[in-house]
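Letters go in sequence order (proteins before strands), and every chain restarts at 1. Keep in mind that the numbers below use all heavy atoms, side chains included, and drop hydrogens, waters and symmetry copies.
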There are 2 protein chains.
Amino acid sequence: MSPSQARRARQQQRTRQRILEAATAVLLKHGVDGFSMRRLAARIGYTPTAIYCYFADKESLLGEVVERQFMSFRSMFEKVERIHDPLRRLLEMGMAVVEFGLRHPDHYRLMFLTPHPALPKGRLVERGNPGQDCYAYLLSTVREGLEMQRFRTELRDAEQLAQVVFAAVHGLVALHLVKGDDPWVDWRPIKPKARIMIEGLIRGLSRTP
Amino acid sequence: MSPSQARRARQQQRTRQRILEAATAVLLKHGVDGFSMRRLAARIGYTPTAIYCYFADKESLLGEVVERQFMSFRSMFEKVERIHDPLRRLLEMGMAVVEFGLRHPDHYRLMFLTPHPALPKGRLVERGNPGQDCYAYLLSTVREGLEMQRFRTELRDAEQLAQVVFAAVHGLVALHLVKGDDPWVDWRPIKPKARIMIEGLIRGLSRTP
DNA sequence: AATCTGACTTAACACTGTTAAGTAATATTA
DNA sequence: TAATATTACTTAACAGTGTTAAGTCAGATT
């Protein structure tokens with residue numbers, strides 16, 4: 001590869017980043033629904049068509065934004081890493097997810113409430129690496145609990161347990177984001193609910209001494 | 001009101017129903033995303049504009065479809081009404097929700113995964129009536145459990161408990177519908193997960209004898 | 001018989017994602 | 001250095017969306 005080719009490639013990569021960052025900004029400002037290729041293009045001073053030189057379509061662009069967001073999602077778990085007890089860590093991980101959902105509702109929506117059909121992921125996040133992949137980190141925590149025989153004897157599948165715990169927390173956040181303003185239900189504050197739910201669930205799945 | 005005026009009003013009501021039924025059909029066939037006013041219009045042999053004589057906009061039309069769907073959602077609970085033990089009934093209600101989500105994914109999406117901003121609800125479903133309003137029924141079951149002192153002493157808020165239990169189940173269904181095809185996670189079958197989750201949660205929230 | 005009402009249509013607006021074809025600047029090659 | 005090729009974009013258009021103002025025409029009212 002010639003020097004000028006390398007420079008071009010670098011430039012191209014930088015433009016990609018610029019688009020991705022602008023996309024994230026537009027997303028934060030206008031929400032998932034208010035996001036459009038044309039708006040994004042206007043923001044970076046390009047025509048809508050230009051974006052298609054860097055991304056196949058809207059879906060895959062959003063997919064990459066999501067993956068970047070999963071990176072920052074993982075960073076929410078850093079503060080719980082020091083907790084030794086895996087079950088207590090599981091609790092605080094759940095609370096961190098709720099925290100993230102409340103702080104970044106649009107990103108949460110994009111990550112977990114919007115289907116992204118068959119995207120080639122794994123560009124940024126290394127799947128299965130607990131240091132980058134949130135699900136892998138959750139899994140490792142559950143595995144730790146299993147190894148310490150903290151769960152009921154009939155529960156042996158780490159994947160199953162991880163999915164159950166995450167789904168419960170996710171349900172709370174999802175309902176809050178989608179139905180939180182619905183006056184049909186007299187909604188109670190989410191954080192106490194989260195504590196009660198996760199503590200209750202963990203207690204119910206735990207081995208009783 | 002003259003006889004012919006009454007006839008007109010009846011006719012109008014019938015046309016409304018026809019549109020609502022066609023909308024439900026289009027929704028089932030093409031999903032929430034594939035639903036469009038124009039497609040719906042074509043199906044009933046009208047122009048798109050005609051629909052606006054009966055419904056303010058797409059949002060409120062879908063809102064009414066949702067409310068009808070909540071009616072049939074409530075009927076899923078009929079088979080658990082015979083269960084005497086409130087905590088066991090709670091478990092089976094959760095399983096019924098999962099069942100409904102698997103059977104009618106598009107309706108579930110529309111009901112619980114799509115925000116419907118500030119719709120004047122209560123046209124069909126009488127809010128607070130356990131026989132019609134699912135949430136009210138859930139609430140009554142939780143209240144029964146509370147009266148029988150089946151929950152831990154610190155848990156006294158029926159609304160809070162109901163929301164926690166439903167959110168957990170909802171999370172499972174929501175994740176299945178939105179992320180079920182995502183190969184990033186090695187998804188385990190949803191029904192066993194649901195049983196384990198609800199049993200675990202109820203056990204964890206229950207008073208230990 | 002003339003008027004009015006109301007159910008519906010026509011035609012258009014302002015959007016959306018996406019693509020084929022074109023352009024102008026830059027890099028490569030003869 | 002001049003001709004060619006590549007690259008980074010733009011122009012213009014297509015097909016679709018929700019929505020609305022204005023118009024039409026049959027049937028009810030007067």
Side-chain angles (χ1 to χ4, degrees), chain A residues 1-20 22-23 26-27 29-66 110 114-119, chain B residues 1-23 26-27 29-66 106 110 114-119:
Chain A
M1 200 203 274
S2 77
S4 82
Q5 265 181 328
R7 201 171 62 231
R8 284 242 152 123
R10 264 202 314 277
Q11 181 57 45
Q12 207 167 340
Q13 200 56 34
R14 229 176 296 149
T15 311
R16 265 186 76 95
Q17 290 291 328
R18 219 161 67 83
I19 295 175
L20 282 170
V26 170
L27 218 65
K29 197 170 218 165
H30 302 277
V32 187
D33 298 341
F35 178 91
S36 87
M37 297 300 259
R38 297 176 125 99
R39 211 195 293 270
L40 169 61
R43 192 186 179 90
I44 53 178
Y46 283 164
T47 45
T49 329
I51 303 170
Y52 289 86
C53 299
Y54 298 92
F55 298 92
D57 52 16
K58 186 184 182 177
E59 195 58 50
S60 65
L61 197 172
L62 285 182
E64 289 210 31
V65 177
V66 170
L110 195 64
T114 316
H116 299 285
L119 287 175
Chain B
M1 200 202 276
S2 79
S4 82
Q5 266 181 325
R7 201 172 61 230
R8 281 242 155 122
R10 266 205 312 278
Q11 180 59 44
Q12 206 167 341
Q13 201 53 36
R14 229 176 298 147
T15 311
R16 264 187 77 96
Q17 291 291 328
R18 220 163 63 84
I19 295 176
L20 282 169
E21 271 155 39
V26 170
L27 219 64
K29 198 170 216 164
H30 301 277
V32 188
D33 299 341
F35 178 91
S36 87
M37 297 299 259
R38 298 176 123 98
R39 210 196 293 270
L40 168 61
R43 192 185 179 91
I44 54 178
Y46 283 165
T47 46
T49 329
I51 303 170
Y52 289 87
C53 300
Y54 298 91
F55 298 92
D57 51 17
K58 185 183 182 178
E59 195 57 50
S60 66
L61 197 172
L62 285 182
E64 288 212 29
V65 177
V66 170
D106 278 308
L110 196 62
T114 316
H116 299 285
L119 286 176

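The nearest whole Å value for the distance from the CE atom in A:M37 to the C1' atom in C:dC15 is 15 Å. At whole-Å resolution of the value, CD in A:E59 and C1' in C:dT18 are 14 Å apart. A:R8 has its CZ atom 11 Å from the C1' atom of D:dC9, to the nearest Å. Rounded to whole angstrom, the span from the CZ atom of A:R16 across to the C1' atom of D:dC9 amounts to 17 Å. Atom CZ in B:F55 sits roughly 15 Å away from atom P in D:dG18 (whole-Å rounding). In this structure, A:R10 atom CZ and D:dT7 atom C1' are separated by 16 Å, rounded to whole Å. Going from atom CD of B:Q11 over to atom C1' of C:dG6 covers 12 Å, rounded to whole Å. Going from atom NZ of A:K58 over to atom P of D:dA15 covers 21 Å, rounded to whole Å.
Close to C:dA27, at under 4.0 Å from its OP1 or OP2, lies a side-chain N or O of A:R7. A close approach under 4.0 Å does occur between a side-chain nitrogen or oxygen of B:S36 and OP1 or OP2 of D:dT17. For A:Y54, a side-chain nitrogen or oxygen approaches OP1 or OP2 of D:dC9 to under 4.0 Å. Dashed line: the shortest gap from a side-chain N or O of B:Y52 to OP1 or OP2 of D:dG18 is not under 4.0 Å.
B:R38 contributes no side-chain N or O that forms a donor-acceptor pair with the base of D:dG16 under 3.5 Å. Contact annotation: side chain of B:T49 to base of D:dT19, donor-acceptor pair absent below 3.5 Å.
For the atom pair CG (A:L20) and CG (A:L27), the distance works out to 11.5 Å, reported to the nearest 0.5 Å. Between the CZ atom of B:R43 and the NE2 atom of B:H30 there is a distance of 7.0 Å, given to the nearest 0.5 Å. Here the straight-line distance linking atom CG of A:L62 with atom OG1 of A:T114 works out to 8.5 Å at 0.5 Å rounding. A:S60 OG to A:Y52 OH: the interatomic distance, rounded to the nearest 0.5 Å, is 9.0 Å.
Residue B:Q12 is in sugar-phosphate contact alone, with no base atom involved, counting any heavy-atom pair closer than 4.0 Å across all strands shown.
Annotation: side chain of A:R8 is not in contact with side chain of A:Q12 (no heavy-atom distance under 4.5 Å).
When the nucleotides D:dT7, C:dT9, D:dG18 are ranked by their closest atom to the side chain of B:Y46, C:dT9 comes out on top. Which of D:dA8, D:dC9, C:dT18 sits closest to the side chain of A:P48 comes down to C:dT18. With D:dG18, C:dG17, C:dC8 as the candidates, the nucleotide lying closest to the side chain of B:T15 is C:dC8. Listed nucleotides D:dT19, C:dT19, C:dC8 differ in distance to B:D57; the shortest reach to its side chain belongs to D:dT19.
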